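Notes to accompany the following structure.
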Amino acid sequence: RNRIAGTALMIQARVMNLLLSDQFAEDIICFHREAFAFFLERELLRAQRYSSFLTHVLFHIDDRLGDPDDVELLAGCIHENLRHTDILGSLDRETLAVLLLNCKAGNAEQVIQRLKVEFSARTAGLKTPRVRVSSVVFPTEANSPEAVLRLAIDRLHRPNGESLFLH
């Protein structure tokens, strides 16, 4: 069932080629902000209908210039470590977002830790900016697309340490 859902998402991605981000390598499927918002709303409705969980994760590169190489390296790392059913999006030049479908907080932390190890390995010896990470689980922490995104952004920018730094 998950493989069919993943295949359907891949087909939709190909059909909606204009919605894909053009800032990354061709093999990285990363949706523009508007397309990602569409998927966020759709997947939250699906999670609500089937009483399942969805985790929204934000990755923000601490770099005012948003170096495209750093962002693409992070996007590639995320893309290669996601399931086919998960969705990667670009919210702006420095912020990537991921929808982890059927994923509770504990599982999301495992994914984030795996990405931390992978990103650290890929950037070993390179001068790269820190990456702040925040996550929000639907429906336990927020119950609408706006609330999910707002809470994720709030957590991302809190100085009290709720953010997890990848590097």
Side-chain angles (χ1 to χ4, degrees), residues 2 5-6 9 13 20-21 23-24 28-63 66 70-123 128-167:
N2 282 341
L9 283 175
L20 292 175
S21 176
Q23 67 181 346
F24 303 125
I28 299 175
I29 296 175
C30 182
F31 292 96
H32 286 293
R33 182 183 190 98
E34 295 80 15
F36 187 81
F38 165 80
F39 283 116
L40 174 61
E41 188 170 336
R42 186 186 77 175
E43 294 304 329
L44 286 178
L45 288 172
R46 186 186 320 249
Q48 188 174 32
R49 184 178 330 126
Y50 294 111
S51 299
S52 64
F53 294 88
L54 178 141
T55 300
H56 180 273
V57 184
L58 286 181
F59 297 87
H60 181 82
I61 293 182
D62 282 338
D63 182 359
D70 293 337
V71 178
E72 184 165 353
L73 182 65
L74 179 59
C77 181
I78 293 169
H79 175 76
E80 290 175 16
N81 285 282
L82 292 181
R83 301 169 297 180
H84 292 289
T85 55
D86 298 329
I87 301 168
L88 174 62
S90 175
L91 300 187
D92 57 40
R93 285 180 43 176
E94 295 113 5
T95 307
L96 298 173
V98 175
L99 295 179
L100 301 172
L101 308 182
N102 296 314
C103 185
K104 296 180 182 180
N107 299 70
E109 288 303 316
Q110 290 175 352
V111 170
I112 291 168
Q113 289 304 317
R114 187 173 64 239
L115 287 169
K116 179 180 180 177
V117 169
E118 178 70 22
F119 188 70
S120 293
R122 287 185 186 201
T123 59
T128 56
R130 291 195 302 178
V131 178
R132 285 183 283 148
V133 181
S134 70
S135 64
V136 176
V137 179
F138 173 89
T140 55
E141 297 179 308
N143 58 8
S144 72
E146 298 80 17
V148 167
L149 188 56
R150 185 175 45 251
L151 183 56
I153 290 170
D154 286 350
R155 286 181 175 173
L156 194 65
H157 295 292
R158 283 190 184 155
N160 66 358
E162 272 192 53
S163 298
L164 169 71
F165 290 94
L166 283 180
H167 191 265

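Position 1 is the first residue of the sequence; numbering continues from there. Owing to the predicted nature of the structure, the values given are computational and were not obtained by experimental measurement.
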| field | Steps toward side chain to side chain contact (heavy atoms under 4.5 Å, CB included) verdict (Gln110, Arg114) | value | CA-CA 6 Å; Gln110 290 175 352; Arg114 187 173 64 239; 5.5 Å; no

| request: Run the numbers on Ile112 and Glu109 for side chain to side chain contact (heavy atoms under 4.5 Å, CB included), then give the verdict. | output: CA-CA 5 Å; Ile112 291 168; Glu109 288 303 316; 4.2 Å; yes

| message | Checking Phe119 against Ile78 for the side chain to side chain contact (heavy atoms under 4.5 Å, CB included) test, could you report, in this order, the C-alpha distance in whole Å, the side-chain angles of both residues, the deciding distance, and whether it holds? | response | CA-CA 9 Å; Phe119 188 70; Ile78 293 169; over 6 Å; no

| said: Run Leu115 and Phe59 through side chain to side chain contact (heavy atoms under 4.5 Å, CB included) and show every step you take. | reply: CA-CA 11 Å; Leu115 287 169; Phe59 297 87; 3.6 Å; yes

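From His60, atom NE2 reaches atom CG of Leu91 across 10.5 Å, with rounding to the nearest 0.5 Å. Expressed to the nearest 0.5 Å, how far CG of Leu101 lies from OG1 of Thr85 amounts to 5.0 Å. Here the CD atom belonging to Glu43 is positioned 9.5 Å from the CZ atom belonging to Arg49, to the nearest 0.5 angstrom. Atom OG of Ser135 is separated from atom NE2 of His56 by 10.5 Å, given to the nearest 0.5 angstrom. Distance check, rounded to the nearest 0.5 Å: OG of Ser90 to CD of Glu72 gives 11.5 Å. Atoms CG and CD, from Leu151 and Glu141 in turn, are 6.0 Å apart once rounded to the nearest 0.5 Å.
Salt bridge absent: Arg33 and Asp92 never bring a charged side-chain N and a carboxylate O closer than 4.0 Å.
Residues Phe53 and Lys104 share a closest heavy-atom pair of CE1-CE, 3.1 Å. Taking every heavy atom of both residues into account, Ala47 and Leu54 meet most closely at CB-CB, 4.4 Å. For the pair Arg132 and Asp62, the tightest heavy-atom approach, listed with the atom from each and the gap, is NE-OD1, 2.7 Å. For the residue pair Phe138 and Leu44, the shortest heavy atom distance occurs at CG-CD2, 3.2 Å.
Inter-residue side-chain proximity for Arg83 and Leu100 is flagged as met; some heavy-atom pair is nearer than 4.5 Å. Under the 4.5 Å side-chain criterion, counting only non-hydrogen atoms from C-beta, Phe36 is in contact with Leu99. Annotation: side chain of Leu88 is in contact with side chain of Leu82 (closest heavy-atom distance under 4.5 Å).
The main-chain N or O of Cys77 is found under 3.5 Å from a side-chain atom of Asn81 such that the two form a donor-acceptor pair. Between the side chain of Arg93 and the backbone N or O of Val71, no donor-acceptor pair lies under 3.5 Å. In this structure a side-chain-to-backbone donor-acceptor pair under 3.5 Å is present from Thr55 to Cys103. In this structure, the side chain of Ser134 engages the main chain of Ala152 through a donor-acceptor pair within 3.5 Å.
Here Arg122 pairs with Glu80, Glu118 under the side-chain hydrogen bond (donor to acceptor under 3.5 Å, both in side chains) rule; sequence neighbours left out.
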